[in-house]
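Right, one structure below, let's go through it.
Bear in mind that the values here come from a model prediction, so they are computed numbers and not experimental data.
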Amino acid sequence: MTREKNAMLDLFPEAEKPIEIIPARKLAAKAAALYVAPADHFQTRPVDELLLDFDGIAGDFHAGPTRRAGGREPWYPRGTEMRNERQLSIVAADELAVVAQRMGLAEIRPEWIGANLVIEGVPNLSMLPAGTLLFFKGGVTLKVDAQNGPCRIAGRSIAENAGMADVEAGALLFPKMAKRLRGVVAWVEKPGTVRASEEISVRVPEQWIYQA
């Protein structure tokens, strides 16, 4: 039994089984590609740098301190104003390649699904836990909020851009094939400028499985 498990037994003697704490860790990564969406459409275009303030990417489709609730927040009436924790969409090329293969496509480009940042060097990027911090060498800090659930809007964009014969079928296929592979969303904790190929220190927090 690990030292962490012993410690949890001491803290929670009434628990039927120990609560295992997985220690925090650091990873080295790189900003492989950067993208910005025009203010009127979620699809992005490649850029050399991202200008970030507390609202997100200046001029981006998802910028702003708040956003409107949608299908991901069934506990609110659709359209309710809420905190914007989805300022940036972050993906990994290796995960997109897996989704493309599952959908029978040659590729899925990050811009088709509104990605702002492609990160290299993080295994299983989509499984990064909430609270993970991304420290960019130039001074910016992003904080991961959650996995980005795949939706039909992104699926339809893929189907149209990839020239799929049945666009609606492609739109429905993407959420099934991209579950837990669509990357994460994050918000700006410390603003500044992110540049292509910039080094990133990824700090994964302690983790545990909460069971009441």
Side-chain angles (χ1 to χ4, degrees), residues 29-50 56-64 67-74 76 78-79 82 84-130 132 134 142 144-187 194 196-197:
K30 183 178 75 170
L34 311 175
Y35 302 86
V36 172
D40 60 347
H41 200 280
F42 87 100
Q43 287 192 44
T44 50
R45 56 179 177 80
V47 293
D48 294 326
E49 61 182 23
L50 299 178
I57 303 170
D60 186 78
F61 181 77
H62 288 104
R67 66 181 181 88
R68 300 292 177 179
R72 293 185 175 92
E73 298 83 29
Y76 296 132
R78 192 175 284 266
M82 57 178 288
N84 183 13
E85 82 295 7
R86 300 176 60 85
Q87 293 176 340
L88 287 93
S89 170
I90 304 172
V91 300
D94 58 340
E95 292 184 335
L96 292 185
V98 171
V99 179
Q101 183 180 34
R102 290 178 177 180
M103 294 182 67
L105 302 175
E107 64 174 348
I108 293 177
R109 296 181 184 175
E111 55 264 46
W112 295 352
I113 59 173
N116 299 117
L117 176 61
V118 178
I119 287 183
E120 289 181 354
V122 179
N124 305 311
L125 177 86
S126 293
M127 302 303 289
L128 285 175
T132 296
L134 309 178
L142 302 181
V144 172
D145 179 78
Q147 277 189 354
N148 195 0
C151 66
R152 286 182 290 176
I153 295 174
R156 184 172 292 106
S157 175
I158 292 170
E160 291 173 349
N161 282 283
M164 295 181 71
D166 190 333
V167 171
E168 288 307 311
L172 292 171
L173 183 61
F174 177 66
K176 298 176 182 178
M177 298 296 102
K179 187 175 183 179
R180 307 204 185 284
L181 290 171
R182 202 250 187 266
V184 296
V185 290
W187 49 274
V194 170
S197 300

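Contacts of Glu111 classified as side chain to side chain donor-acceptor pair (under 3.5 Å), with partners at least two apart in sequence or in another chain: none. Here Glu160 pairs with nothing under the salt bridge (charged side-chain N to carboxylate O under 4.0 Å, His left out) rule; sequence neighbours left out. Applying the side chain to side chain donor-acceptor pair (under 3.5 Å) criterion to Thr44, with sequence neighbours excluded, gives no partner residue. In this structure, the side chain to side chain contact (heavy atoms under 4.5 Å, CB included) partners of Arg68, at least two apart in sequence or on a different chain, are Glu81.
No side-chain donor-acceptor contact under 3.5 Å links Gln43 to the backbone of Ser157. Side chain of Arg67 to backbone of Arg86: no donor-acceptor contact under 3.5 angstrom is found.
Legend: salt bridge (Lys or Arg N to Asp or Glu O under 4.0 Å) pairs involving residues 96-107, not counting sequence neighbours, sorted by first then second residue: Glu107-Arg109.
Across all their heavy atoms, Tyr35 and Leu50 have their closest contact at O-CD2, 3.5 Å. Pro129 and Thr132 get closest at one heavy-atom pair: O-OG1, 2.8 Å.
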Residues 175-183, side-chain donor-acceptor partners within the protein, below 3.5 Å, at least two apart:
unit_1: Arg180; atom_1: NH1; unit_2: Gln147; atom_2: OE1; d: 3.0
unit_1: Arg182; atom_1: NH2; unit_2: Ile113; atom_2: O; d: 2.7

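No side-chain heavy atom of Asn116 sits less than 4.5 Å from a side-chain heavy atom of Gln87. In this structure the side chain of Leu134 reaches within 4.5 angstrom of the side chain of Ile90, judged on heavy atoms.
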